[in-house]
2 protein chains.
Amino acid sequence: MGKRPTQEQVARLAETSTAVVSYVVNNGPRPVAENTRKRVLEAIAATGYRPNSAARTLVSGRSSVIGLVVPDLANPFLALLAQSIEHELFSRAYSMLIGDSADEQRREASVVETLLTHEISGLIWYTVAQPPPQDVLDKLTIPTVILNDIEREDLSAADEAGRVVSVLADEREAARLATEHLVDHGRQRIAHVGGPSQRLNSAARARGWLDAVAASDLRPGGQIAAPFTRQGGFESAAQLVELECDAVVAANEMQGIGLLAGLRRAGVRVPEDLGVIALNGTTAADYSLPTLTTVEMLTADLAAEIADTLDSDSQALTIVPDVRMIARESCGCANIGFGTGR
Amino acid sequence: MGKRPTQEQVARLAETSTAVVSYVVNNGPRPVAENTRKRVLEAIAATGYRPNSAARTLVSGRSSVIGLVVPDLANPFLALLAQSIEHELFSRAYSMLIGDSADEQRREASVVETLLTHEISGLIWYTVAQPPPQDVLDKLTIPTVILNDIEREDLSAADEAGRVVSVLADEREAARLATEHLVDHGRQRIAHVGGPSQRLNSAARARGWLDAVAASDLRPGGQIAAPFTRQGGFESAAQLVELECDAVVAANEMQGIGLLAGLRRAGVRVPEDLGVIALNGTTAADYSLPTLTTVEMLTADLAAEIADTLDSDSQALTIVPDVRMIARESCGCANIGFGTGR
DNA sequence: ATGAAAGCGCTAACAT
DNA sequence: ATGTTAGCGCTTTCAT
């Protein structure tokens with residue numbers, strides 16, 4: 001485990017000072033003569049020097065590392081989101097520390113605090129609960145993007161402390177879109193499979209669903225609380241049958257996929273007997289049977305907006321990512337996009 | 001953005017020195033009187049002090065951060081692996097920096113170098129190619145686990161430099177298991193859908209497949225090169241039909257899922273006409289139609305072994321993770337595990 | 001344009 | 001048991 005070369009060794013080899021090496025490496029803040037710069041670059045190449053980011057962070061107080069906290073990295077949508085964010089951050093010369101809260105609030109608090117320990121210069125936090133724990137929020141002194149539909153007042157303390165805390169508020173619109181589409185298909189009783197009832201997490205989705213139902217003078221088809229898993233969706237199928245609905249909006253794609261399997265087993269035909277749309281879809285929806293109509297978030301765009309917010313200290317209080325519906329078979333839009341992988 | 005409290009402030013409040021605060025925080029290396037310890041802990045609570053990890057890293061040379069590089073975080077298997085590793089590392093008080101190489105060697109090199117910049121104390125690298133680029137290997141001065149079936153000689157340079165470089169070598173066995181199972185089902189012509197042909201990446205899987213085919217005096221049913229995506233699997237279906245096989249081993253679950261959709265479309269019945277098994281499966285395989293028989297890696301165990309290797313400087317040269325076959329419908333083992341979510 | 005030097009917050013060797 | 005202090009590698013102010 002040989003020690004890595006330091007700035008000092010580079011300076012010695014280039015016959016100059018560490019200050020100048022620093023100027024060259026960082027392209028400033030002071031000018032360097034072309035000649036000297038060249039010697040320094042050669043010395044860097046010769047020694048294999050790479051700046052030590054711990055030292056850099058210590059002196060500058062900024063780390064070029066962003067933290068991301070998600071409740072379940074094995075959820076394909078969250079994995080996709082994480083990937084999009086990683087790509088965006090990488091292109092801006094940031095690295096990404098990732099924490100998985102396992103959908104548990106206790107663990108989440110601990111994960112966030114650990115990340116803060118690393119002097120991250122920004123935090124992207126897909127919270128488990130809504131609102132997020134106040135005591136953790138109070139510890140945030142860095143630009144933070146909360147990925148959940150938060151009431152502004154929950155953040156007042158954070159705002160006052162001068163932190164940039166932004167918020168994603170789209171799930172409501174996504175749910176509204178999905179429900180509306182089912183209405184357009186002529187569905188009469190539209191149910192909603194949401195998250196576990198003890199969690200407020202999915203309140204926004206439920207609201208969007210109710211918005212659309214109300215707007216079309218229908219009665220809500222009933223709401224089912226289920227874990228955000230394929231198994232959760234699978235098990236909801238039976239309840240759904242009892243509710244005698246003809247359509248359902250699932251809170252996420254995993255539930256949607258589970259639902260399809262459960263309905264198949266229950267002998268319910270999709271989309272003939274029951275239309276299904278899931279939120280937060282990925283390309284995996286192209287390969288189920290039937291293919292699953294979803295509402296997708298444009299994660300690449302969202303990632304870019306998040307990054308903008310974090311490194312420009314933008315004053316945006318809310319980010320509203322674009323959302324679009326991908327009509328496939330499960331809602332009744334037959335023969336669209338089947339297995340094409342888009 | 002108020003400055004965070006430092007050790008010095010804690011010391012002042014507790015009326016002691018920074019050294020003692022350090023001893024308390026790190027539980028050593030020197031003893032502290034019970035009384036003093038209590039005052040320090042109170043001061044920490046009062047100030048909200050959290051150690052600055054940049055300073056810690058700088059002085060100690062170790063960072064409590066491990067780097068993970070994967071080719072595609074949106075691949076459910078890799079997402080699961082990343083999650084398992086994150087959980088294991090978290091339980092050992094490590095944090096995880098993650099880089100997505102996007103399955104491109106150029107990007108991969110850059111991602112690895114960026115991680116090295118952060119003084120990570122270990123690297124877990126699911127390489128794009130086999131063997132991994134030598135120039136990058138040569139830069140590794142930290143314990144590293146390469147997740148790919150590497151020839152020992154490719155690492156000789158790394159070993160000589162005293163680095164702990166360990167290797168995962170299981171894919172061959174996984175492929176052998178899968179193929180053998182298809183043989184047991186009486187399949188005669190067993191094909192293999194591997195990775196893109198210009199990549200050696202999947203050589204181990206191909207070897208395991210050939211091992212099993214040879215052991216049963218069958219002729220190989222043909223090999224198809226396809227991207228490691230659902231779309232790749234989907235498009236292989238047509239070629240598979242031409243090969244007139246009665247079984248196939250797909251290199252990963254995404255290909256397997258795509259294959260099922262493609263075969264369905266081509267009017268091929270699974271498992272009646274064609275048996276399908278995919279490697280590196282996840283629980284998602286429980287919800288396809290038919291449910292997809294897979295060989296799974298026990299990612300939790302693997303993660304634990306990896307972590308052991310990284311923080312104990314273990315001398316193990318190879319990690320052989322446990323692998324097990326989950327028989328579902330697609331191979332011909334009907335009515336097993338259908339939608340049960342296990 | 002270049003260099004000397006003062007820290008950034010922390011750990012641990014070395015006093016006491 | 002506790003305190004003092006010398007760096008860890010880097011950035012940047014302040015000379016020159």
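The sequence lines fix the lettering, A, B, ..., with proteins before strands; numbering per chain opens at 1.
- Side-chain nitrogen and oxygen atoms of A/Asn26 include at least one within less than 4.0 Å of the OP1 or OP2 phosphate oxygen of D/dT11.
- In this structure the side chain of B/Glu104 never reaches within 4.5 angstrom of the side chain of B/Glu108, judged on heavy atoms.
- If you check every strand for non-hydrogen atoms under 4.0 Å, A/Ala33 touches sugar and phosphate atoms only.
- Each of B/Ala55 and B/Glu34 lies near DNA chain D, and the nucleotide nearest B/Glu34 is the one positioned closer to the 5' end.
- Note: CG (A/Asn35) to C1' (C/dA1) measures 12 Å, nearest angstrom.
- The existence of a salt bridge linking B/Glu8 and B/Arg12 is confirmed by a sub-4.0 Å separation between a basic side-chain nitrogen and an acidic carboxylate oxygen.
- Side chain of A/Pro51, nearest nucleotide from D/dC10, C/dG9, D/dT12: D/dC10.
- Using a 4.0 Å heavy-atom distance criterion, B/Thr36 is classed as a sugar-phosphate-only contact.
- Straight-line distance from the CG atom of B/Leu58 to the C1' atom of C/dG9: 9 Å, rounded to whole Å.
- The separation between B/Arg37 atom CZ and D/dA1 atom P is 10 Å, rounded to whole Å.
- Look at A/Glu113 and A/Arg106 and you find no salt bridge, because none of the NZ, NE, NH1 or NH2 atoms lies under 4.0 Å from a carboxylate O.
- A straight line from CD1 of B/Ile44 to C1' of C/dC10 spans 13 Å, rounded to a whole angstrom.
- Computed from coordinates, the A/Tyr49 OH to D/dG9 C1' distance equals 7 Å when rounded to whole Å.
- The residues A/Arg92 and A/Glu88 are annotated as salt-bridged, a charged nitrogen and a carboxylate oxygen being separated by less than 4.0 angstrom.
- Side-chain N/O atoms of B/Gln9 include none lying less than 4.0 angstrom from OP1 or OP2 on C/dG9.
- Using a 4.0 Å cut-off, no side-chain N or O of B/Arg56 falls inside it from OP1 or OP2 of C/dG9.
- If you take CZ of A/Arg30 and C1' of C/dA4, they are 15 Å apart, rounded to a whole angstrom.
- Nucleic acid contact class of B/Thr18 (heavy atoms, under 4.0 Å, all strands): base.
- Checking the phosphate oxygens (OP1, OP2) of C/dG3, a side-chain nitrogen or oxygen of A/Ser17 falls inside 4.0 Å.
- The phosphate of C/dA13 has neither OP1 nor OP2 within less than 4.0 Å of any side-chain N or O from B/Tyr23.
- Remark on DNA chain D: of its neighbouring residues B/Val20 and B/Val59, the 5'-side contact belongs to B/Val20, judged by nearest-heavy-atom nucleotide.
- Look at CD on A/Gln7: it is 14 Å from P on C/dA4, rounded to the nearest Å.
- In summary, A/Glu119 and B/Arg4 engage in a salt bridge, as defined by a charged side-chain N under 4.0 Å from a carboxylate O.
- Atom P of nucleotide D/dT11 and atom CG of A/Asn27 are separated by 13 Å, given to the nearest angstrom.
- Residue B/Ser60 is classed as having no contact, given no heavy-atom separation below 4.0 Å to the nucleic acid.
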